[in-house]
Each structure stands twice: as C-alpha cells, then as structure tokens.
There are 2 protein chains.
Amino acid sequence: MQTLRRPKLRDQAAEQIKRYIVSNRLGPGDRLPTETQLAESLGVSRLSVREATKALEFLGIVESKTGVGLSVGRIDMERVTEHLGFHTGLLDVDPQQLIDSRVILETGVLPQVARNMARDPAIATELRALAERFRVARDLKSWIELDIRFHRTLLEASGLQPLVAFGDLLHLFFQRFRESVKRAEWQVGIESHRRLVEWLAAGRVADASRELRQHIESHKERLP
Amino acid sequence: MQTLRRPKLRDQAAEQIKRYIVSNRLGPGDRLPTETQLAESLGVSRLSVREATKALEFLGIVESKTGVGLSVGRIDMERVTEHLGFHTGLLDVDPQQLIDSRVILETGVLPQVARNMARDPAIATELRALAERFRVARDLKSWIELDIRFHRTLLEASGLQPLVAFGDLLHLFFQRFRESVKRAEWQVGIESHRRLVEWLAAGRVADASRELRQHIESHKERLP
DNA sequence: CCGGTCTGATTGTCTGATAAATTACCAGCC
DNA sequence: GGCTGGTAATTTATCAGACAATCAGACCGG
C-alpha cells in the first residue's frame with residue numbers, strides 16, 4: 001500500500017520557488033519577490049513561505065538579507081559537506097568501501113600532483129614540512145590532525161577543487177575508525193608519508209601510488 | 001575587515017540541535033524533544049526552533065511527523081542531489097576541473113571494475129547492452145540519458161557506493177555543457193563506449209583507461 | 001561634492017490561536 | 001481475554017497580527 005499523505009504547504013512553496021527560479025532563468029544574485037508577495041501569489045501565509053525560504057537558504061539556494069530581500073544564492077559543494085559533516089556515524093557506509101574509495105581518489109590524483117610539483121617547488125616543500133612534523137607529534141589527536149592535513153594538502157596539490165571537497169567528505173566518515181590507530185603504527189606512518197613525498201618529487205608516480213595504497217589500506221587490518 | 005553580523009537565532013538553534021544529536025549519540029529514528037521543549041531549553045520562541053528544524057528536515061537531518069514529534073532522519077546523498085539538481089547552471093565550478101575530476105574518478109575505478117567483471121559475467125553483459133543502445137538513440141536527450149546511465153553503471157560495477165554518489169554529484173554539475181554535444185560527435189561516442197567495454201572484458205585496463213580518458217576529455221574541446 | 005539624517009521597505013522574531021494528525025487509553029462488546 | 005470503537009491528550013501545521021532590527025536610497029545642509 002502506498003501511504004498517502006497530504007503534501008505540506010511549505011514543501012509545495014519551496015517547490016514553487018525553485019520553479020520560479022528556473023523558469024525565470026535567474027542566476028546567483030538575482031532578486032526574488034519579497035516574502036509577502038510570494039505569500040500572496042502562492043496563496044499561503046507568510047510563515048509557510050518563510051519556512052520554505054529558510055530551508056532553501058540552508059542549502060544555499062537562496063540568500064536573505066534583513067532589510068533588503070531575497071536573492072538567488074551561490075551554492076557550492078563545501079556548503080553541502082559542511083552541513084552533512086556532523087552527520088558522521090549516522091550514515092552507515094561500509095568501511096571497506098570507504099577505504100577503497102580513498103585509495104582510488106588519492107592515487108588517482110598523484111600523476112596530476114607530480115606534474116604540478118615539477119612546475120611549482122613550493123608544493124614539495126609544503127608536503128615535506130608536513131611529513132617532518134609527524135616526528136614531533138606527541139599524542140594521537142595531533143597525529144590524526146596532521147594526517148588529515150597531509151592528505152588534504154595532497155589533494156589540493158592536484159588543483160581539483162571537487163576532489164578536495166569529496167575527500168573532506170570521505171574523511172569525516174573515516175574518523176570513526178581512525179581513532180583505533182595504535183601507537184606502534186605511528187612510526188610506519190611517519191616513514192610512509194616521507195617516502196611518498198620523495199617518490200612524487202622524483203616523478204616516480206607508480207612508486208608513490210604503491211606507497212599510498214599500502215598506507216591507506218593498512219586501515220583494513222583494524223576492521224572488525 | 002571582518003564583516004560583523006548578528007548571528008541569527010534560528011541558525012544558532014539549528015547548530016544547537018545538531019550538537020544535541022551528536023552529543024547524545026542519537027541515530028536515525030531516535031526521538032528528539034518536542035518543539036516546545038526545545039524552544040524552552042534554548043530560550044527562544046517556538047517559531048525560531050521551527051525554522052531551524054524545518055531547514056534541517058529539508059536536508060534530511062531530522063524528520064517530523066504531525067502528532068508524533070521530531071526524530072533523527074536518515075540522510076543520503078540522493079536527497080541532497082535532488083534539491084541541488086535544479087540548481088544546475090548556477091554553480092560556478094571550473095568546467096576544466098570538473099572534467100579532470102571525472103577522468104580521475106572513472107579511470108580510477110577501472111581496475112576494480114575489470115576484476116569484478118572477471119568474476120561476474122553479468123556486468124559485461126549489462127554494459128554491452130547499454131553500449132548497443134546508443135546506436136538507436138534518436139534525439140540528443142535520450143542520448144545524454146543513456147550516456148549518464150552508462151557511466152553510472154560503470155561506477156556501480158566497482159561496487160563502491162561512495163564513488164557512485166560522488167559521480168552523481170559531478171554529473172549534475174556537468175549537465176551544463178553536456179547539451180552542447182554535436183550530432184556529429186555521437187558516432188565517436190558510440191564507438192568509444194563499445195571499445196571501452198571490450199577492453200575491460202579483455203582485462204586490458206590500461207587500454208580501457210586511455211579510451212575513457214579520451215572520451216571524457218573530448219568535452220574540453222567544447223569549452224569556451 | 002560630501003556627509004549626515006530620515007524614511008520606507010523588508011526580513012527577523014515574538015505571541016497567541018486554531019486545524020489536523022497521531023497516539024494512548026478506556027469502556028463496551030463478543 | 002481479545003477485539004472494536006470512540007474519546008482525549010499530545011504534537012506538529014498553519015494562520016494572523018504585531019513590533020524590532022536592518023538596510024538602501026532619497027533628502028538636505030554645508
């Protein structure tokens with residue numbers, strides 16, 4: 001049986017507003033009618049319009065400024081991951097798949113990274129500096145923080161913003177079992193990061209790939 | 001200069017509610033306090049709480065049922081992409097980066113796909129069938145639909161759900177210049193898809209990679 | 001031309017009320 | 001006992017009206 005449900009006014013309102021945007025071919029920054037006008041033309045109270053616009057605002061689809069009005073917003077992936085981020089642990093993704101995804105993502109960018117490195121020495125410098133700092137990491141927390149930072153920098157070095165955003169998302173889900181890193185394993189990690197940078201700096205992408213894959217896949221051993 | 005802004009009550013409320021969820025380790029389906037209780041404990045009116053929860057509901061973070069109350073929702077990427085989908089064309093992601101990201105993502109899964117293919121012949125069958133259907137695509141719309149379906153199936157064949165979701169997201173942003181595919185280019189695309197499947201079925205991942213990379217990067221020629 | 005002020009428009013927030021949906025409970029019947 | 005039906009309580013959904021906060025632009029004096 002199909003559970004039938006009266007569609008909520010605010011959802012309809014949101015739908016109409018979205019339709020209004022596309023059918024009028026509005027782009028970021030373009031003005032929308034005021035709340036009162038929207039309420040009138042949609043035949044609902046201002047409150048319902050309000051709940052709709054506030055929800056859309058959360059997604060970045062519209063912007064509202066006090067004393068000014070509504071306008072079409074500028075959406076980006078980071079905004080989405082920001083709101084979704086906290087949801088870690090609610091979303092049950094298979095850890096195995098998470099690891100495999102990371103391997104593909106991060107080894108995938110290595111050729112690109114190596115190319116950029118050859119052009120801009122600053123990249124290698126930054127990664128080396130990060131790799132060095134692993135030595136002085138005292139507690140697990142700062143070690144993990146560094147690790148995240150290192151891998152993010154690696155992705156950034158590819159210059160591909162969408163992949164960075166996706167990497168952030170994966171990391172959030174990853175944290176769950178990240179904390180199970182044993183102290184003994186730090187040492188391995190430290191060396192691994194260093195070697196990775198050197199392979200890349202030398203332009204030996206295949207070796208870097210192998211190194212990185214092993215590094216990430218080492219998490220698999222800690223899975224239940 | 002930092003533009004200072006009075007934080008809006010509903011945003012703070014939303015933040016608090018999110019914090020409540022994590023700090024109490026609530027999972028999907030768990031109950032939340034009623035709107036009235038939330039309003040009291042947060043020291044704001046019920047309206048502000050309402051706008052916050054409605055926004056969170058849009059994102060799928062909470063669920064509300066009339067006569068029952070609020071509960072933690074089950075978030076998934078599809079829900080987000082659904083709302084974001086209409087926004088196509090508003091986004092300003094560098095198209096070049098979009099293409100490069102796709103190349104990395106899709107070529108990255110090929111080894112995995114080839115492995116799964118060797119184990120399960122049904123995968124090759126499905127991809128072949130899709131590749132064949134390109135021949136009979138009459139108009140641009142159905143051609144694009146097929147193309148999306150093909151690439152999605154390819155990602156699915158890797159068995160890595162996070163990458164499928166990410167692929168969907170990329171495709172949304174992609175559609176903008178997808179429509180500029182010229183009729184003459186269909187033919188190339190048709191053959192390209194077919195060859196890709198055959199390389200994969202033969203386990204020749206490197207050749208498949210090259211094929212796919214060319215296929216996707218052909219979009220670059222149409223960039224401004 | 002410049003700076004300050006005033007004003008109208010618009011969103012932000014509150015209060016209080018009613019409608020609709022769901023659940024819990026209880027009486028009554030077989 | 002177990003089931004049925006109805007009723008009350010709880011909770012969200014929606015409305016109306018009001019006032020405060022904020023901002024853009026007009027207006028004005030120097």
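The sequence lines fix the lettering, A, B, ..., with proteins before strands; numbering per chain opens at 1. These numbers come from a predicted model, not from an experiment.
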Between [atom2] of [N] and [atom1] of [X], the distance in whole Å:
{"X": "B:Glu51", "N": "D:dA13", "atom1": "CD", "atom2": "C1'", "answer": "14 Å"}
{"X": "A:Leu70", "N": "C:dG12", "atom1": "CG", "atom2": "C1'", "answer": "12 Å"}
{"X": "B:Lys54", "N": "D:dA13", "atom1": "NZ", "atom2": "C1'", "answer": "8 Å"}
{"X": "A:Arg10", "N": "D:dA13", "atom1": "CZ", "atom2": "C1'", "answer": "8 Å"}
{"X": "B:Glu35", "N": "D:dT12", "atom1": "CD", "atom2": "P", "answer": "5 Å"}
{"X": "A:Leu38", "N": "D:dC15", "atom1": "CG", "atom2": "P", "answer": "14 Å"}
{"X": "B:Arg50", "N": "D:dT14", "atom1": "CZ", "atom2": "P", "answer": "7 Å"}
{"X": "A:Leu42", "N": "D:dT14", "atom1": "CG", "atom2": "P", "answer": "13 Å"}

When the side chains of residues 60-70 of chain A are checked against the rest of the protein, which donor-acceptor pairs come out under 3.5 Å, sequence neighbours left out?
{"unit_1": "A:Ser64", "atom_1": "OG", "unit_2": "A:Lys54", "atom_2": "NZ", "d": "3.4"}
{"unit_1": "A:Ser64", "atom_1": "OG", "unit_2": "A:Glu57", "atom_2": "OE1", "d": "3.2"}
{"unit_1": "A:Ser64", "atom_1": "OG", "unit_2": "A:Glu57", "atom_2": "OE2", "d": "3.3"}

Revision key, fill the gap. Note: for A:Val49 and B:Arg31 on DNA chain D, the residue whose nearest nucleotide lies more 5' is B:Arg31
Check your understanding: A:Lys65 or B:Leu32: which one's nearest nucleotide on DNA chain D is closer to the 5' end?
Key -> B:Leu32
Check your understanding: Can you list the residues that meet the side-chain hydrogen bond (donor to acceptor under 3.5 Å, both in side chains) rule with A:Arg133, with sequence neighbours excluded?
Key ->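 A:Arg133 satisfies side-chain hydrogen bond (donor to acceptor under 3.5 Å, both in side chains) with no residue once adjacent residues are dropped.
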Practice item. Under the salt bridge (charged side-chain N to carboxylate O under 4.0 Å, His left out) rule, collect the residues that match up with A:Arg213, sequence neighbours excluded. Key: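 Partners of A:Arg213 by the salt bridge (charged side-chain N to carboxylate O under 4.0 Å, His left out) criterion, ordered by chain and then number, come out as A:Glu217.
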Check your understanding: Residues in salt bridge (charged side-chain N to carboxylate O under 4.0 Å, His left out) with A:Glu51, at least two apart?
Key -> A:Arg10, B:Arg50
With 3.5 Å as the limit, what N/O pairs link the protein to nucleotides 14-16 of chain C?
{"unit_1": "C:dC14", "atom_1": "OP2", "unit_2": "B:Ser45", "atom_2": "N", "d": "3.3"}
{"unit_1": "C:dC14", "atom_1": "OP2", "unit_2": "B:Ser45", "atom_2": "OG", "d": "2.8"}
{"unit_1": "C:dC14", "atom_1": "OP2", "unit_2": "B:Ser48", "atom_2": "OG", "d": "2.6"}

**Study point:** Those residues that, when tested against A:Glu132, pass side-chain contact (heavy atoms from CB on, under 4.5 Å) (two or more places apart)
**Key:** A:Arg135, A:Arg194
Check your understanding: For A:Asn116 and A:Gly159, which heavy atoms make the closest approach, and how far apart are they?
Key -> ND2-N, 4.3 Å
Review point. OP1 or OP2 of C:dT10 sitting under 4.0 Å from any side-chain N/O of A:Ser64?
Key: no
Review point. Tell me, do B:Asp147 and B:Arg152 make a side-chain contact under 4.5 Å, heavy atoms counted?
Key: no
